[in-house]
Amino acid sequence: MELYAAPHITAEQQEKMVRLFDGLNGIAATALHLDAVLATRNKKHFDFIPGIIVDCPY
C-alpha cells in the first residue's frame, strides 16, 4: 500500500507494480481470507478495505 500511495509514482510504475503483485496474496488479502486480525502500525493504510479487522499492537 505504501508503494501505491507514494506521490512520486508514475502511472507506468503503478501499472508495473500491479502486474508484479497480480496473483500474489498480500497481507490484507491473507487476513481477509483467514478471517484473521491484521496487526500493523499503519492502521490507516488498511482501514478502507471492507471487512478487514485491523489492530495496532502498540
Side-chain angles (χ1 to χ4, degrees):
M1 292 307 297
E2 290 180 15
L3 292 174
Y4 289 117
H8 60 278
I9 298 296
T10 66
E12 181 182 350
Q13 290 170 321
Q14 284 181 334
E15 185 178 322
K16 287 180 181 181
M17 284 189 293
V18 168
R19 286 196 311 265
L20 175 65
F21 296 126
D22 189 32
L24 298 177
N25 285 332
I27 291 171
T30 302
L32 283 170
H33 179 73
L34 298 174
D35 290 326
V37 174
L38 176 67
T40 179
R41 291 178 58 189
N42 295 316
K43 189 173 188 275
K44 66 182 179 181
H45 291 178
F46 299 94
D47 280 341
F48 70 94
I49 300 172
I52 195 157
I53 300 169
V54 182
D55 184 39
C56 181
Y58 300 96

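As the structure is a prediction and not an experimental result, all values here were calculated from the model. For the numbers below, each heavy atom of this structure counts, side chains included, while hydrogens, waters and symmetry mates do not.
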| message | Are Phe46 and Val37 connected into the same hydrophobic cluster when the rule is that any two of I, L, V, M, F, W, Y join if their side-chain heavy atoms are below 4.5 Å apart? | response | no
| field | For the student: nearest non-hydrogen atoms of His8 and Gln13, plus distance | value | O-OE1, 3.8 Å
| task | Measure the spacing between CD1 of Ile52 and CG of Leu38 and express it to the nearest 0.5 Å. | result | 4.5 Å
| task | Any chance you could measure Ile53, atom CD1, to Leu32, atom CG, to the nearest 0.5 Å? | result | 9.0 Å
| query | Is there a donor-acceptor pair closer than 3.5 Å between any side-chain N or O of Thr40 and the backbone N or O of Lys43? | reply | no
